[in-house]
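Read through the structure below, which is laid out as structure tokens, and then see the notes.
Since the model is a prediction, treat every value here as computed from it, not as a measurement.
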Amino acid sequence: MFSSFRVLFLFSLIFGSSGLPAQNIQLLFTGVKSTKGQIILKVYIDENSYQKDIPYKTEIVNKQDLVNGMKSGKLTLDPGVYGFALLDDENRNLKMDYNLLGMPEEGFAFSNFYLTGMKRPHFSDFQFTVSKDQKLLITMKFRYL
């Protein structure tokens, strides 16, 4: 017979955390137009969460200390697959604004991916992997239409 201690021990081994420590990710924002407003950084974990706009995590980034349209920062994530989609929310209304033709009026960016066309990218275009003990720099260049 198993004692309750052994059952709890086995349960913790099977269902416990992976034991992999969170990693600090270096961030570099480039091409930001102005210090007006804020940057909204949404972290997605797969295509489904991206398409449904259900981020794993959302961070608000202050733009007051931009230098020549650039800013650096850090974000801590557990090992796994992620993708960043960003909005330069110049009017601080927490959403992308569009003109009468349906074109974005504010800047946007993606992790390690610069959108050159007009079609919304897939998660696989801007995804990256965070591994244990990895030093990672994610660059996000803003585009304004």
Side-chain angles (χ1 to χ4, degrees), residues 6-145:
R6 285 183 183 166
V7 171
L8 287 173
F9 178 73
L10 286 174
F11 185 80
S12 68
L13 285 177
I14 295 169
F15 297 104
S17 68
S18 65
L20 296 177
Q23 303 296 305
N24 285 323
I25 312 302
Q26 292 293 117
L27 307 175
L28 179 61
F29 306 95
T30 67
V32 182
K33 189 166 71 173
S34 76
T35 57
K36 184 178 165 187
Q38 62 194 2
I39 294 172
I40 300 173
L41 184 153
K42 293 183 178 182
V43 181
Y44 295 98
I45 57 172
D46 57 28
E47 182 72 30
N48 188 45
S49 66
Y50 169 61
Q51 291 300 329
K52 292 181 177 180
D53 194 23
I54 303 171
Y56 165 75
K57 184 180 215 177
T58 301
E59 297 286 331
I60 303 295
V61 179
N62 185 323
K63 299 190 327 178
Q64 298 309 309
D65 55 349
L66 280 174
V67 177
N68 297 323
M70 295 179 14
K71 177 181 175 72
S72 62
K74 289 183 185 178
L75 184 64
T76 302
L77 294 172
D78 292 326
V81 175
Y82 301 95
F84 297 157
L86 295 90
L87 165 66
D88 183 0
D89 185 22
E90 294 180 282
N91 60 4
R92 295 182 176 265
N93 69 350
L94 302 175
K95 65 179 184 171
M96 173 65 80
D97 294 311
Y98 297 91
N99 65 20
L100 293 174
L101 300 174
M103 303 295 287
E105 291 186 326
E106 297 174 298
F108 53 89
F110 299 93
S111 46
N112 292 332
F113 177 79
Y114 184 73
L115 183 67
T116 56
M118 298 301 286
K119 186 177 155 190
R120 180 182 169 139
H122 293 281
F123 179 77
S124 60
D125 294 327
F126 60 91
Q127 77 179 40
F128 60 93
T129 302
V130 176
S131 302
K132 182 182 179 228
D133 298 327
Q134 174 188 28
K135 292 186 180 188
L136 196 57
L137 171 64
I138 303 296
T139 303
M140 293 143 291
K141 182 177 179 182
F142 277 84
R143 181 174 180 200
Y144 300 83
L145 300 179

To the nearest 0.5 Å, tell me how far K141 NZ sits from L115 CG.
12.0 Å

Intermediate values then yes/no, side chain to side chain contact (heavy atoms under 4.5 Å, CB included), N91 and E106:
CA-CA 9 Å; N91 60 4; E106 297 174 298; 3.3 Å; yes

Step-by-step side chain to side chain contact (heavy atoms under 4.5 Å, CB included) determination, Y82 to I138
CA-CA 11 Å; Y82 301 95; I138 303 296; over 6 Å; no

Using a 3.5 Å distance criterion without hydrogens, assess whether the side chain of Q23 forms a donor-acceptor pair with backbone atoms of D133.
yes

Test I60 against every option in I40, L41, I39 by the side-chain contact (heavy atoms from CB on, under 4.5 Å) rule and name the one that passes.
I40

Between K63 and S34 (side chain of the first, backbone of the second, donor and acceptor by atom type, cut-off under 3.5 Å), is there such a pair?
yes

So CE of M140 and CZ of F110: to nearest 0.5 Å the spacing works out to 12.0 Å

Trace of the side chain to side chain contact (heavy atoms under 4.5 Å, CB included) decision for Y144 with V32
CA-CA 9 Å; Y144 300 83; V32 182; 4.0 Å; yes

Salt bridge (charged side-chain N to carboxylate O under 4.0 Å, His left out) partners for E90, two or more places apart
K33

Side chain to side chain contact (heavy atoms under 4.5 Å, CB included) evaluation trace for E59 with V43
CA-CA 8 Å; E59 297 286 331; V43 181; 5.5 Å; no

Minimum heavy-atom separation for L77 and I25, please, with both atom names.
CD1-CG1, 4.3 Å

Atom CE in M96, atom CG in D88: separation rounded to 0.5 Å?
8.5 Å

One should read off an interatomic distance between D78 CG and K57 NZ, to the nearest 0.5 angstrom, of 8.0 Å

Between R92 and G37, is there a donor-acceptor pair closer than 3.5 Å when you use the side chain of the first and the backbone of the second?
yes

Can you give me every donor-acceptor pair (side chain of residues 118-126, partner residue at least two apart or in another chain, under 3.5 Å) with its distance?
{"residue": "R120", "atom": "NE", "partner": "Y50", "partner atom": "OH", "Å": "3.1"}
{"residue": "R120", "atom": "NH2", "partner": "Y50", "partner atom": "O", "Å": "3.0"}
{"residue": "D125", "atom": "OD2", "partner": "H122", "partner atom": "N", "Å": "2.8"}

Considering non-hydrogen atoms only, spot the tightest contact between K95 and N93 and give its length.
O-OD1, 2.9 Å

Test item: N68 side-chain N/O and M70 main-chain N/O as donor-acceptor pair under 3.5 Å
no

Is it true that Q38 and D89 share a donor-acceptor pair across their side chains at a distance under 3.5 Å?
yes

Which value, rounded to the nearest 0.5 Å, describes the distance between T30 atom OG1 and F142 atom CZ?
8.5 Å

Heavy-atom donor-acceptor pair, K42 side chain to T58 backbone, under 3.5 Å:
no

Closest non-hydrogen atom pair, P104 against L145
CD-CD1, 3.5 Å

So CZ of F84 and CG of L75: to nearest 0.5 Å the spacing works out to 5.0 Å

